[in-house]
Amino acid sequence: RSLSVYMANTIPVELDKLSTKLLLRILDKYLEKHSFGSPVEQQAFNETYTKLKVALFELTFMDGNE
């Protein structure tokens with residue numbers, strides 16, 4: 001199963017559970033090594049990360065798996 005993630009002024013992207021997990025791991029690694037230049041960048045990162053976490057939760061719930 002896949003879930004669509006929508007953000008303002010963007011194109012829709014369909015992600016499956018594995019792809020969502022991969023993107024979250026990439027964002028975790030990015031955050032470990034980089035700092036944000038502005039509060040706007042930090043907010044955009046946080047919103048993206050939160051939406052991916054919610055999508056992963058929903059995909060997990062739809063699958064009935066952990």
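Here, residue 1 is the first one in the sequence, and each next residue gets the next number.
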S.K.: Any side-chain hydrogen bond (donor to acceptor under 3.5 Å, both in side chains) involving residues 29-40? Give me the pairs, sequence neighbours left out, ordered by first then second residue.
M.R.: none

S.K.: As an exercise, state the distance from CZ of F45 to CD of Q42, rounded to the nearest 0.5 Å.
M.R.: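 The CD atom of Q42 is 7.5 Å from CZ of F45, to the nearest 0.5 Å.
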
S.K.: How close do K17 and T60 get, heavy atom to heavy atom, and via which atoms?
M.R.: CE-OG1, 3.4 Å

S.K.: Using a cut-off of 6.0 Å, state whether more than 12 heavy atoms not belonging to F36 lie near its atom CZ.
M.R.: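 Count over threshold, so yes.
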
S.K.: Look up atom CG in L22 and atom CG in L18, then write down how far apart they are to the nearest 0.5 Å.
M.R.: 6.5 Å

S.K.: L24: which residues meet the side-chain contact (heavy atoms from CB on, under 4.5 Å) condition with it, sequence neighbours left out?
M.R.: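 side-chain contact (heavy atoms from CB on, under 4.5 Å) list for L24, sorted by chain: T20, Y49, L52, K53, L56.
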
S.K.: Looking at P39, is its backbone amide N or carbonyl O close enough to the side chain of Q43 to form a donor-acceptor pair, meaning the two atoms are under 3.5 Å apart?
M.R.: no

S.K.: Any side-chain heavy-atom pair from D16 and L59 closer than 4.5 angstrom?
M.R.: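 With C-beta onward as the side chain, the pair stays apart.
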
